[in-house]
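Here's the structure we're looking at; comments come further down.
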Amino acid sequence: MGSSANVVINRPISASVHTEAFRHNLNRVRELAPDSKIWSVIKSRAYGHSFEAALQGLGSTDGFALLNMQNAARLRESGWQGRILLLEGVFHANELALAETLVCDLVVHCEAQAEWLEDYKAHKPFNVFLKMNTGMNRLGFKPSTYRTAFHRLHAAGHKMHHMTHFANADQIDLLPTVGSQLEIFNEAIEGLEAPTSSANSAAILWHRNALGDWVRPGIILYGASPTGNYSDIAHARLRAVMHLESEIIDIQELQKGDRIGYGGRYEAPEAMRVGVIACGYADGYPRHAKDGTPVWVSNASSGGEGVICPIAGRVSMDMLSIDLRGAPNARIGSVVELWGDHVSVDDVAQMSDTVGYELLCAVAPRVPVIIK
Ligand SMILES: Cc1ncc(COP(=O)(O)O)c(C=O)c1O
């Protein structure tokens, strides 16, 4: 995704990223987890929002958690002097020197990483987040091998932390439950004095007993729901950080029975106006969005406040069409919001059989980011 500097915007689409909303959401996390420090998770270009915007909006976080060394280096170059956690640790032994230079905290999740660290002659101890697999079966030491790994790295002088990750903190009945994972975690770390980190966004919202010393929120910092359903986070009073906006670039007058776009999926039930918007799947908008997916159109109602219009017809590469029957004032140049304050990204995701995470991360590099 391009940054706002020196971008000449001709095609009207843009993703405006609101740093004030970042600040608000980070404060909400602090209220929800007042005794924990916060790793703000900014992998995948800060869930599509750009590192620059995250740094500006989340600058009062206790640390940033991300995936790879290049991005850690970028954060340092941008002036970030606080903590950085490499969420999957190093991928090869030869990255440890750079991790040390960049002063990164390391996740250590497997035997190979533990050996690399033992063999490495560190000038200063690393902050190590030793990861336990408590049932998600993605990364982490089995509880049976965890204590040995902990003792070894502790003996090598590193500053140890306990870490695990929940598979179903956003669900009630799915296995493994947060309760079952926590039980395994707590039993395995008993007597091993070290700070803990386990809670992702869903656990912060719904599992107060799982907060630990360091929480690791991602999606809620961006104002979207871990469940994919916006109503589930309405109580948390979060704000959408990204507003994906564009304009109506053409208006078609259809007769009853006319069809719209590729495949002719939508058939006009009566004479109607259809707005064509400069946004398509090559911008990251989901091609699978169904007819009826909401789009907000500004100044379209008589009150001038804007109105929701449904998508009509299949989303194509650069454009999508909306039914303007509820928006008699809409015209070429009317501003539309694909997601943001008026339309939750979760609602678009639901209409496209996916989750907000995927849509935010998929916003295309050709969409300019405007940091506000
Ligand atoms: C280890 C780890 N912690 C925290 C997070 C943040 O998750 P969420 O965005 O659901 O809060 C992620 C993201 O997938 C993760 O991989």
Side-chain angles (χ1 to χ4, degrees), residues 1-18 20-21 48-50 53 240-255 258-262 265-266 268-287 289 291-345 347-348 351-352 359-360 362-372:
M1 189 182 287
S3 76
S4 55
N6 303 323
V7 175
V8 177
I9 297 171
N10 55 347
R11 194 164 169 262
I13 191 166
S14 66
S16 54
V17 176
H18 294 253
E20 188 46 47
H49 293 64
S50 86
V241 177
M242 182 195 291
H243 298 186
L244 182 64
E245 289 157 341
S246 186
E247 289 178 10
I248 294 178
I249 58 167
D250 192 20
I251 293 186
Q252 296 286 326
E253 308 275 352
L254 302 193
Q255 297 305 311
D258 285 349
R259 289 176 176 276
I260 300 175
Y262 292 117
R265 183 177 77 184
Y266 182 89
E270 58 183 329
M272 62 188 283
R273 292 194 322 146
V274 166
V276 181
I277 292 169
C279 177
Y281 62 78
D283 298 300
Y285 197 89
R287 181 173 176 276
D291 287 342
T293 304
V295 172
W296 181 86
V297 181
S298 66
N299 295 321
S301 70
S302 45
E305 275 298 297
V307 66
I308 299 290
C309 296
I311 281 189
R314 191 188 288 167
V315 173
S316 57
M317 186 182 285
D318 310 312
M319 285 169 275
L320 57 81
S321 300
I322 56 172
D323 172 353
L324 287 179
R325 282 178 294 172
N329 299 336
R331 53 180 171 74
I332 290 177
S334 289
V335 171
V336 304
E337 181 191 274
L338 287 316
W339 60 67
D341 263 352
H342 306 283
V343 173
S344 144
V345 69
D347 291 345
V348 179
M351 292 294 280
S352 317
L359 298 189
L360 293 172
V363 172
R366 78 179 191 179
V367 176
V369 172
I370 300 175
I371 302 175
K372 290 196 166 160

Please round to the nearest 0.5 Å and tell me the distance separating atom NE2 of His49 and atom CE of Met242. 4.0 Å

Sidechain N-carboxylate O distance under 4.0 Å for Arg325, Glu270: yes

dist His342:NE2 -> Trp296:CH2 (nearest 0.5 Å) comes out at 4.0 Å

So which atom in Leu320 and which in Ile311 form the shortest heavy-atom distance, rounded to 0.1 Å? CD2-CD1, 4.1 Å

To the nearest 0.5 Å, what is the distance between CG (Leu359) and CG (Leu244)? 9.5 Å

Could you give the distance from CZ (Arg11) to CD (Glu247), rounded to the nearest 0.5 Å? 11.0 Å

Could you tell me which non-hydrogen atom of Val276 sits nearest to which non-hydrogen atom of Ser321, and how far apart they are? CG2-OG, 4.3 Å

From CG (Asp283) to CG (Asp318), nearest 0.5 Å: 7.0 Å

Taking C-beta and beyond as the side chain, do Asp250 and Gln252 meet within less than 4.5 Å on heavy atoms? yes

Looking at every non-hydrogen atom in both residues, tell me the closest pair between Met351 and Asp291 and how far apart they are. CE-O, 3.6 Å

Here the gap from Ile371 atom CD1 to Ser50 atom OG, rounded to the nearest 0.5 Å, amounts to 4.0 Å

Where is the tightest heavy-atom contact between Val369 and Val17, given as atom of each residue plus distance? CG1-CG2, 3.7 Å

Given 3.5 Å as the limit, does a donor-acceptor pair link the side chain of Arg273 with the main chain of Pro328, or not? yes

Quick check: does any side chain N or O of Arg265 sit under 3.5 Å from a backbone N or O of Gly313, one acting as donor and the other as acceptor? yes

Please give me the minimum heavy-atom distance between Ile251 and Ala330, naming the atom from each residue. CD1-O, 3.6 Å

What's the shortest heavy-atom distance between Cys279 and Tyr285, and which atoms? SG-CB, 3.7 Å

When you compare the side chain of Val315 with that of Pro286, does any pair of heavy atoms fall below 4.5 Å? no

Between Ile308 and Val343, is the side-chain contact (heavy atoms from CB on, under 4.5 Å) condition met? List the steps. CA-CA 8 Å; Ile308 299 290; Val343 173; 3.6 Å; yes

Please evaluate residues Val336 and Ile248 with respect to the criterion side-chain contact (heavy atoms from CB on, under 4.5 Å), reporting the C-alpha separation (whole Å), side-chain torsions for both, the decisive distance (0.1 Å), and the verdict. CA-CA 7 Å; Val336 304; Ile248 294 178; 3.9 Å; yes

Is the shortest side-chain heavy-atom distance between Glu245 and Leu338 below 4.5 Å? no

Are the side chains of Ile332 and Ile249 in contact, using a 4.5 Å heavy-atom criterion? no

Apply the side chain to side chain contact (heavy atoms under 4.5 Å, CB included) test between Cys309 and each candidate in Leu324, Thr293, Val274, Ile277; give the one that qualifies. Leu324

